[in-house]
> 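Structure provided below as structure tokens; questions to follow.
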Number of protein chains: 2
Amino acid sequence: MTKFHHTLNCKDCKSKGIIFKSLCNEELDMINQNRFEVSFKAGEIMFKQGTPSPHFLCLTKGLAKIYIEGRGKNLILALVKPVEYIFGPGVYVDNRHHYSAAAVEDSTACLVDAATYKLLIRQNPDFADEFIKRVSNQAIYNFEQVISLTQKQMPGRIADALIYLSEFVYDSNPFEMSLSRQDLADISGMSKESAIRILKDFKDEEILSIDGNSINILNPRLLKQISETG
Amino acid sequence: MTKFHHTLNCKDCKSKGIIFKSLCNEELDMINQNRFEVSFKAGEIMFKQGTPSPHFLCLTKGLAKIYIEGRGKNLILALVKPVEYIFGPGVYVDNRHHYSAAAVEDSTACLVDAATYKLLIRQNPDFADEFIKRVSNQAIYNFEQVISLTQKQMPGRIADALIYLSEFVYDSNPFEMSLSRQDLADISGMSKESAIRILKDFKDEEILSIDGNSINILNPRLLKQISETG
DNA sequence: TCCCGGAATTGATATTTATCAACATTATCA
DNA sequence: TGATAATGTTGATAAATATCAATTCCGGGA
């Protein structure tokens, strides 16, 4: 994990997230003065559940997973790609991370002091609205996730994960999956072996073609149907 | 469902939630002018997933459940008691309810126009902070819930539900459960029959005594241990 | 290049959980 | 009050899923 100051100013940052659109130049300066950039190699942990949480993290390059560490198993809540940010609920509660984050691919991120961020939320109602909107969207997504995990059977859950990967994470089909099978299992809340078996079933039914980590969704319609019928 | 204007002003309301503590009299007046009170009989639906969501709802009497309607099954996300409020994430996203709510006991609630509420969040940073804090707490609770539902086996999940009921909902032990067995199952993400069986096991092991809907936790330490070991 | 360790795969088996059906109990209401 | 429906309970069975063990595959160093 290398720490270094970025030469760019936030005002000029090409990878500035849309979250910052409601901030004026002065406010962006404030963020700029309280930030530093960090890079992570694939596999490295970015922060760990239970540790103090003093930062807002904006992913500028790579891919990260955020996951809850349960009893032996992990549950991946979401994958985060540029330019999205991670700002856990602990910041407003107990200053602790309630989930861990790790780099799935080599990544870089901007860290901003949480206090600065909270101050801006108080100062700028548009920014606050944007933030609440974002938190709300996340909550809604979590509802769908819980229903998927608790009420769908394994094929439905794997279908959900594959659709999520293709449509929201890699934004393409076919796609090269930078996740391990274990990660896929951790997204879908099942054992690695089960995840592999379902993938194979999908391959046998010619819903997918799989070559190592390259996945091609051959029958998106059927996959969506499996997702819906659970 | 009866609609009537409450005689009291919000300023004097005995059951005013702590959320309102950061509002000045003028702001409370604003809420007061945009609110009405409704009462629900036990079992009545307060609002339904998918319908437009123009209100902030504050429960002043009774007990309500909020639940997601999945494929045939429901998943109860939380029980709401006085004086807590329900303000779904849809208000900031698509103006739709993303979960349903129903009265478990005879209840009354104050409904406040959502636009008014959102305006106050923009106006009053302390109020906004309180609101975000509350949303954050909810998110953290949801994490624990997801882990319970996806990584614990049935006895652990029922233990979690019973602890939740005793410690957070009814605030007592023994307690009279106003929920049905189906509700208990919907909290724990399992079939009604399974929930009943686990209850019986706990009774046989003398962790609980059960008489109809009266539940007495005889061995809280062991119950907690079952919750933790899953 | 060869070897090693971790990931992926497969099969056999055990465990967990749901479903179905039958019956008991309780609440409701005319 | 008695009939009737809803809720609760139990047992038998089937389905879903995890676990364990044994290979195989693959990439990165010495």
> With the side chain of B/M154 defined as its heavy atoms from C-beta on, choose the nearest nucleotide among D/dA18, C/dT17, D/dT9.
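From the listed options, C/dT17 comes nearest.
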> Measure the acute angle between the ring planes of B/F47 and B/Y99, then classify it against the limits of 30° and 60° as parallel, tilted or perpendicular.
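Aromatic pair B/F47/B/Y99 classed tilted.
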> Rounded to whole angstrom units, what separation is found between the CG atom of A/L179 and the P atom of C/dA8?
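Those two atoms, CG and P, are 10 Å apart.
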> Just compare D/dA12, C/dA21, D/dC20 and give me whichever is closest to any side-chain atom of A/E193.
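Nearest to the side chain of A/E193 among the choices is D/dC20.
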> Apply the side-chain contact (heavy atoms from CB on, under 4.5 Å) test between A/I158 and each candidate in A/K152, A/Q153, A/M190; give the one that qualifies.
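When side-chain contact (heavy atoms from CB on, under 4.5 Å) is applied between A/I158 and each of A/K152, A/Q153, A/M190, only A/M190 qualifies.
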> Using the ring of each side chain (for Trp, its six-membered ring), is A/F175 parallel, tilted or perpendicular to A/Y170, with breaks at 30° and 60°?
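Parallel, since the angle between the ring planes stays under 30°.
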> What is the distance from CG of B/D186 to P of C/dT17, rounded to the nearest Å?
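The distance from CG of B/D186 to P of C/dT17 comes to 17 Å, rounded to the nearest Å.
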> Tell me which nucleotide among C/dT17, D/dG8, C/dT10 gets nearest to the side chain of A/R197.
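Closest of the options to the side chain of A/R197: C/dT10.
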> For the pair made of CE in A/M190 and C1' in D/dA16, what is the distance, rounded to whole Å?
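Taking atom C1' of D/dA16 as the reference, CE of A/M190 is at 11 Å.
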> In terms of side-chain heavy atoms of B/I196, which of D/dT10, D/dT17, C/dT9 is nearest?
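Taking heavy atoms from C-beta onward, the closest nucleotide is D/dT10.
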> Quick one: which of D/dT9, C/dT17, C/dA8 gets closest to the side chain of A/S180?
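For the A/S180 side chain, the nearest candidate turns out to be C/dA8.
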> Send over the distance from A/F202 CZ to C/dT9 C1', rounded to a whole Å.
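Result: 17 Å.
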> C/dT16 P sits how many Å from B/L149 CG, rounded?
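The answer, rounded to whole Å, is 18 Å.
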> Can you figure out which of D/dG8, C/dA8, C/dT17 approaches the side chain of B/Q153 most closely?
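From the listed options, C/dT17 comes nearest.
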> Could you tell me how far apart B/I198 (CD1) and D/dG8 (P) are, to the nearest whole angstrom?
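In whole Å, D/dG8 P and B/I198 CD1 are 17 Å from each other.
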> Quiz question: going by heavy-atom distance under 3.5 Å, is there a donor-acceptor pair between the base of C/dT16 and the side chain of B/R157?
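Side chain to base: no pair below 3.5 Å.
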> Give the rounded distance in Å between these two atoms: CD of B/Q151 and C1' of D/dT19.
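Rounding to the nearest Å, CD of B/Q151 and C1' of D/dT19 are 16 Å apart.
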